[in-house]
Every structure is written in C-alpha cells, then in structure tokens.
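Keep in mind that the numbers below use all heavy atoms, side chains included, and drop hydrogens, waters and symmetry copies. Proteins come first, then strands; the chains are lettered A, B, ... in the order of their sequence lines, and each starts at number 1.
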Amino acid sequence: MRFDRRKDLLGLRDVTREEIEVILETAVPMKDIIRRDMKKVPALRGKGIITVFYENSTRTRTSFELAGKYLSADTSNLGVSTSSVQKGESLKDTIKTIEMMGPDVLVMRHPSSGAPHYVARNTGMRVINAGDGINEHPTQALLDMYSIRERKGTLEGLKVAIVGDILHSRVARSNIFGLSKFGCELRVIGPSTLIPPDVEKLGVKTYGNLESGLKGADVINVLRIQRERQHGALFPSIDEYRELYMVTPEHLALAADDAIVLHPGPMNRGIEISTELAESPRCVVNEQVSNGVAVRMAVLYLMLGGGRDEIAG
Amino acid sequence: MEFREKALIMDEAAIRRALTRIAHEINEANKGVDNVALVGIRRRGGPLAHQLASLIESIEGIKPPVGVLDITLYRDDLTALGPAPIVHRTEVDFNITGKIIVLVDDVIFTGRTARAALDALMDIGRPKRIQLAVLIDRGHRELPIKPDFVGKNVPTSRQEIVSVLVEEIDGENKVVIEEIVE
C-alpha cells in the first residue's frame with residue numbers, strides 16, 4: 001500500500017480507491033492516539049495549518065485544529081467574521097496574505113462551489129476542502145466511510161441509503177463518489193425537488209419514499225435539512241417533510257437487521273431524524289465525531305508527514 | 001534498487017543460540033523477570049520479542065508480557081520527498097509504568113530508531129527502566145545510544161545492508177549482509 005503525496009485534497013471524485021484505503025487504514029492508529037492519556041505525537045512538528053471558514057462550523061473546524069495539534073503541528077484559525085474580509089478584502093488577497101505568513105496547509109470552507117479549487121490553483125500552500133457550496137466535503141465522507149467500516153468490517157458491496165436534501169448536499173456527493181469506488185449499492189431518498197435530476201448518472205438509485213428506499217439497507221445516512229441553502233420553496237413545509245421523511249426506529253426496522261444510522265450533524269431532531277432514533281445505539285453520530293478527528297489526522301499526516309530514509313537504523 | 005546477498009552471517013541455529021544467551025542475560029541483569037516486559041519495534045522486533053519471551057519462559061517458567069511499538073510518527077528522518085511511510089498500530093496491552101521494559105529490535109545502526117522508540121514508549125507510560133536488546137549491532141552510531149544486550153557485533157561499511165529475516169514475516173530465520181547491485 002502506498003499513498004503518493006498529493007498537493008491538495010479537494011474532493012473524493014478524483015481520489016482513488018487505494019488512496020482512500022490508505023487514509024482509512026492510517027486513521028486506525030490515529031484513533032488509538034486520541035484515546036491515550038498522552039494525546040500528542042511529534043510527526044508534524046514545525047508544520048503550520050490554518051483554517052479559514054467562510055461558513056459556520058462546529059465539528060469540522062475544531063476537529064481539524066485538534067487533529068493538527070495531536071500531530072504537533074501549529075494550528076490557527078482566521079475568524080472570517082472578525083477579519084478584513086468584512087472590510088471587503090477579496091478571496092485572492094486574503095489567501096495571499098495568509099500564504100505570506102507561511103502555513104503549509106490551508107483548510108478551507110466556502111459557500112461557493114469550486115472556491116477551494118480556485119484557491120489551490122493560485123497558491124503554493126496545500127489546500128484541503130472542508131466543504132464548498134453544494135460540491136464536496138471530502139473529509140466528512142472519509143469519516144463516514146471510516147465509521148461504516150469500523151462497524152461493518154468492510155465497505156465492499158454494502159447497501160447505503162442517503163436520505164434528505166441531496167440537491168444541496170456536498171456530504172451526499174462526496175459519499176457517493178467515495179462509496180461507489182467500493183462497489184456499494186447507493187440509494188438516495190427524498191422529495192423529487194431535492195434530488196438532482198442527473199444523480200442516477202453517478203450510479204445511484206432514487207426513491208421517493210422511505211419505505212421502499214430503506215428496505216434491506218445496511219447503512220442509512222440521514223442528511224441535515226439545510227435551511228440556509230434553500231432560497232425557494234422546495235418542499236411545502238417542515239411539518240410535511242417531517243411527516244414524510246423523518247427517519248424513526250420504525251423505518252430502521254425495514255432496513256437490514258444490523259443496519260446503522262449516520263448523520264453528519266448538526267442534527268435537527270424531530271425534523272429529519274427522530275430523537276428516539278438519534279439516541280439509539282445503532283445511531284453512530286457520536287462515533288462519527290471522534291472518527292472525524294482520526295481521519296483528519298490521517299489526511300494531514302499523509303499530506304505533510306515525512307518520507308523515509310533509504311536505510312533505516 | 002536491487003540487492004544481492006553478499007554473506008550469510010547467522011543461520012537459524014546461530015540466531016537461536018544468540019537469543020537464548022540474551023534471554024539468560026535479561027534474566028540475570030534484572031534478577032529474574034517478575035517485573036520485566038518485552039516491547040518489539042515494528043516490524044521485525046515484534047517477532048523477535050515473541051521468540052525471546054518464549055525462551056525466557058523455558059528458562060524461568062514465567063513468560064513476560066510482549067507488546068509491539070510502531071515508531072513511524074516519532075521518526076526524525078523527515079523529508080518531503082516520497083510518500084509518507086504507512087503508520088501501523090502500537091499494540092502494548094499492559095501498563096508499562098513501573099515495569100522494566102526491554103526494547104527489542106533486529107539491527108541497531110545509527111541509533112535513530114532506538115531514539116524514536118524511547119520517545120514513543122515514554123508517551124504511553126513511565127517505565128522504571130528501559131533496556132535495549134538487539135540481534136545485530138552493526139556500528140556507525142550517530143547518537144549516544146548503546147544496547148544492553150547484543151546477539152552479534154557485525155562490522156559493516158555504510159554501503160552494506162544487514163537484513164534480519166524472521167519466520168513470521170519472511171518465511172525463514174537468518175541474517176545476511178546485502179549490497180546494492182549497480
């Protein structure tokens with residue numbers, strides 16, 4: 001197994017199955033480190049990581065920062081809402097300013113799809129996409145894949161159903177790109193207005209209701225209803241959405257016997273997922289958060305960590 | 001790079017004799033093995049640590065606990081070239097605090113692996129004492145590190161490579177000197 005160093009991680013679309021396997025394998029010893037009393041290894045000593053989030057985040061930004069710190073990198077955050085961005089500084093100028101301060105990696109979230117790609121082409125820093133518009137969120141999909149593999153032992157051939165607002169979901173897209181490389185049977189479930197018209201071209205089956213889509217599923221990934229990304233009325237009301245698409249323990253009963261439930265967070269309890277299901281031992285949302293730190297440690301290490309001398313000693 | 005076998009330094013019987021002697025020395029140096037645990041450095045230190053533990057058991061009737069240490073994240077040979085080495089798990093299932101830990105590796109050369117292993121070990125507990133056992137000492141130390149137990153001293157040139165083969169990984173037990181084929 002090997003992972004050829006890549007400059008950027010912008011999406012799972014162009015990442016190979018072997019690269020994903022190395023990331024997931026590397027995350028296993030990283031998770032051991034998080035569980036130790038002494039949560040620090042010197043692997044990335046002297047490396048600088050900066051997080052720049054043009055959209056709000058609790059877990060992604062914090063987990064990147066902790067992942068960097070556990071590997072002994074120096075991490076800092078540009079608070080976009082308190083920065084010169086508010087004075088009208090352009091994205092290009094902001095990034096150049098950051099680059100001149102010397103960090104090795106820029107972890108970036110932006111409401112516009114493709115923004116990190118633009119930045120990556122125009123900077124010498126490595127760029128990790130922490131979510132761009134409705135395009136991709138690669139480390140979320142990697143942590144979902146890690147969480148599934150940890151519970152199921154494998155990804156190969158699993159039936160994975162993704163429920164909710166597929167149209168606006170970068171999490172769904174990255175999951176589809178990643179899981180399809182492992183021969184998973186992918187299903188998306190949601191109101192037709194929230195399912196992109198060409199999604200079946202990605203090798204995904206679409207379902208209009210939970211009952212048919214969840215039958216025999218090994219994994220149910222429930223997406224958040226993203227009210228901030230819906231500018232038109234794509235479904236009649238939250239009440240109607242809850243009525244038709246809120247996943248409950250009764251729905252879980254339709255899935256495979258040992259099916260698990262994922263949610264990228266933050267959860268809208270009582271809208272896309274019932275509180276009862278969110279608290280169920282089959283719901284791995286808390287494990288996903290820990291795994292997110294481990295997977296991000298793996299990505300940072302593989303992109304920044306040292307190569308080997310020819311002769312060890 | 002290709003390698004050619006230049007000389008056989010130890011065969012299976014010679015390795016066994018050397019490890020048996022080290023097992024006796026560990027026992028003597030620590031006045032018994034009640035508080036001793038072995039920790040092999042990945043990869044080939046792991047199987048050697050297990051072999052040593054079995055030999056100690058046959059001498060003393062007590063089998064010391066065995067763990068395996070992955071030191072990849074503690075290495076100092078950083079270069080941005082080439083892929084980052086694959087990280088494996090550290091598997092030490094016992095508390096090392098207060099114990100006498102014998103680190104086990106196949107070859108000591110520059111001493112940098114042993115240095116990394118000391119740091120890695122210290123991050124998972126506070127042993128009472130750490131000792132170092134190696135099958136081969138090939139010289140050329142770059143750090144002030146000296147093994148406590150040595151199977152065989154082998155003078156080498158820096159261009160040569162000493163390879164320890166173990167049954168569990170390589171299918172046979174032997175030690176050879178190799179050189180790079182131009």
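Nearest heavy atoms, Pro83(B) versus Arg5(A): C-NH2, 3.8 Å. Across Gly305(A) and Ala84(B), no two heavy atoms sit closer than the pair O-CB, 3.9 Å.
With a 4.5 angstrom heavy-atom cutoff, Met30(A) touches chain B only via side-chain atoms. There is no contact between Asp37(A) and chain B, counting heavy-atom distances below 4.5 Å.
Under a cut-off of 6.0 angstrom, the local environment of NZ in Lys146(B) is sparse, with at most 12 non-hydrogen atoms contributed by other residues, nucleotides or ligands. The number of heavy-atom neighbours closer than 6.0 Å to CE of Met38(A), taken from other residues, nucleotides and ligands shown, is above 12. Around NZ of Lys152(B), the count of heavy atoms belonging to other residues, nucleotides or ligands within 6.0 Å does not exceed 12. The number of heavy atoms from other shown groups lying within 6.0 Å of CZ (Arg6(A)) is above 12. Counted within 6.0 Å of CD on Glu172(B), heavy atoms from surrounding residues, nucleotides or ligands total more than 12; the atom is thus considered enclosed. Within 6.0 Å of atom NZ in Lys128(B), 12 or fewer heavy atoms from other residues, nucleotides or ligands are found, so the atom counts as exposed in its surroundings.
Here CG of Asp123(B) is found 10.5 Å from NZ of Lys40(A). Values are rounded to the nearest 0.5 Å. One finds the CZ atom of Arg89(B) at 11.0 Å from the CD1 atom of Ile33(A) (value rounded to the nearest 0.5 Å). Atoms CD1 and OG1, on Ile86(B) and Thr26(A) in that order, are 5.0 Å from each other to the nearest 0.5 Å. The CG atom of Leu73(B) sits 15.0 Å away from atom OH of Tyr70(A), with the distance rounded to the nearest 0.5 Å.
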